[in-house]
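Values reported hereafter were calculated over all heavy atoms of this structure, with side chains retained and with hydrogens, waters and symmetry mates removed.
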Amino acid sequence: MFFHIVLERNMQLHPRHFGRNLRENLVSKLMKDVEGTCSGRHGFVVAITGIENIGKGLIRDGTGFVTFPVKYQCVVFRPFKGEILEAVVTMVNKMGFFAEAGPVQIFVSNHLIPDDMEFQSGDVPNYTTSDGSVKIQKDSEVRLKIIGTRVDATEIFCIGTIKDDFLGVINDPSAA
């Protein structure tokens, strides 16, 4: 789920940022460029926790920009198959529902929802048990299990299930 790792990146800096605030300018540019991004290999970069090393700059011919190799520590979020997550439902339709756990979007198919829950269309589409005691709708909090992930270069997609023990609705907004 969350990991603290060391990554490296080449940062290009314009000459106008040189001076006594060079290090601060480099770190702020690194944070702006890296935090919130996703790499398929490491996952979503949540936060940069420290700078280990800033190497010597190399001047780019013709542009004046300088490239600095920067080694930094960061916290990354990467979901794995079999992991249990708590997520917020963002959309419900007859095919299933989408939920978000931080930056990750998870799809739960109607085949992976317990058999006693039926889709109810209307102004607020939802999945409801036959006795009406449990309801999954937009903004419901659910505990689900990831059964599959697909990793692209810049995004991670997950498939989940709530058809298991201790999984399902945690908090129902309509009950409040």
Hey, quick one: are Val34 and Val6 part of the same hydrophobic cluster, counting side-chain heavy atoms closer than 4.5 Å, chains of contacts allowed? no
Using a 6.0 Å cut-off, check whether atom CZ of Phe166 has over 12 heavy atoms from anything other than its own residue. no
Do Ile159 and Ile106 touch side chain to side chain, with heavy atoms closer than 4.5 Å? no
Check Lys94 against Asn110 and note the closest heavy-atom contact, atom names and distance. O-ND2, 2.9 Å
Once you measure the plane-to-plane angle for Phe2 and Phe77, does it fall in the parallel (<30°), tilted (30-60°) or perpendicular (>60°) bin? tilted
Rounded to the nearest 0.5 Å, what's the gap from CG on Leu13 to CZ on Phe68? Could you check? 6.0 Å
Thr149 to Cys158 - nearest heavy-atom pair and separation: CG2-SG, 3.7 Å
Heavy-atom pair of closest approach, residues Lys135 and Val169: O-CG2, 3.7 Å
Considering all heavy atoms, the nearest Val92-Lys138 contact: CG2-N, 4.0 Å
Using a 3.5 Å distance criterion without hydrogens, assess whether the side chain of Thr161 forms a donor-acceptor pair with backbone atoms of Leu112. yes
Residue pair Phe97, Ile113: steps toward the side-chain contact (heavy atoms from CB on, under 4.5 Å) verdict: CA-CA 9 Å; Phe97 65 86; Ile113 295 173; 3.8 Å; yes
Do Gln73 side-chain atoms and Glu52 backbone N/O form a donor-acceptor pair below 3.5 Å? no
Taking everything shown except Ile170 itself, do over 12 heavy atoms lie less than 6.0 Å from its CD1? yes
Is any side-chain heavy atom of Leu85 closer than 4.5 Å to a side-chain heavy atom of Ile146? yes
Checking the side chain of Glu155 only, and the main-chain atoms of Asp152 only, is there a donor and an acceptor separated by less than 3.5 Å? no
ILVMFWY network linking Phe18 to Met11, side-chain heavy atoms under 4.5 angstrom: yes
Say whether Met95 and Phe157 are linked into one hydrophobic cluster, either directly or through other cluster members, by side-chain heavy-atom distances under 4.5 angstrom. no
Using side-chain heavy atoms (C-beta onward) and a distance below 4.5 Å, is Ile156 in contact with Phe44? yes
Derivation and outcome, side-chain contact (heavy atoms from CB on, under 4.5 Å), residues Val46 and Glu35: CA-CA 6 Å; Val46 178; Glu35 285 181 349; over 6 Å; no
Which pairs would a plain distance check flag for residues 20-32, meaning a side-chain donor or acceptor within less than 3.5 Å of a matching protein atom at least two apart in sequence or in another chain?
residue, atom, partner, partner atom, Å
Asn25, ND2, His17, O, 2.8
Asn25, ND2, Asn21, O, 3.3
Ser28, OG, Glu24, O, 3.3
Ser28, OG, Asn25, O, 3.1
Lys29, NZ, Asp33, OD2, 3.0

Would you confirm whether Tyr127, through its side chain, and Pro114, through its main-chain N or O, come within 3.5 Å as a donor-acceptor pair? no
Which pair of non-hydrogen atoms, one from Val104 and one from Pro79, has the smallest distance, and what is that distance? CG2-CG, 3.9 Å
A side-chain contact here means heavy atoms from C-beta on lying under 4.5 Å apart; do Met1 and Glu83 qualify? yes
Given Val70 and Asn53, is the side-chain contact (heavy atoms from CB on, under 4.5 Å) satisfied, shown in steps? CA-CA 6 Å; Val70 180; Asn53 183 28; over 6 Å; no
Closest heavy-atom pair, Leu7 versus Cys74, reported as atoms and distance to 0.1 Å, is CD1-SG, 3.6 Å
Counting heavy atoms not belonging to Asp131, are there more than 12 under 6.0 Å from its CG? yes
Fit a plane to each ring of Phe98 and Phe107, take the angle between them on a 0 to 90° scale, and name the class: parallel (under 30°), tilted (30 to 60°) or perpendicular (over 60°). tilted
Quick check: is Tyr72 connected to Ile5 through a chain of hydrophobic side chains (ILVMFWY, heavy atoms under 4.5 Å apart)? yes
Should Leu167 and Ile84 be marked as a side-chain contact (heavy atoms from CB on, under 4.5 Å) after you check the CA-CA gap, both sets of side-chain angles, and the distance that decides it? CA-CA 9 Å; Leu167 301 180; Ile84 307 291; 4.0 Å; yes
With a 4.5 Å cut-off on side-chain heavy atoms, are Asn93 and Met91 touching? yes
Are Ile48 and Val75 co-members of a hydrophobic cluster defined by side-chain heavy atoms under 4.5 Å apart? no
Check: Ser133 main-chain N/O paired with Thr129 side-chain donor or acceptor under 3.5 Å: yes
Side chains of Leu144 and Val108: does their closest heavy-atom pair fall under 4.5 Å? yes
Nearest-0.5 Å distance, NZ of residue Lys81 to CD1 of residue Ile147: 8.0 Å
Arg143 side chain vs Ile162 backbone, donor-acceptor pair below 3.5 Å: no
Out of curiosity, Thr67 OG1 to Arg9 CZ, how far, rounded to the nearest 0.5 Å? 11.5 Å
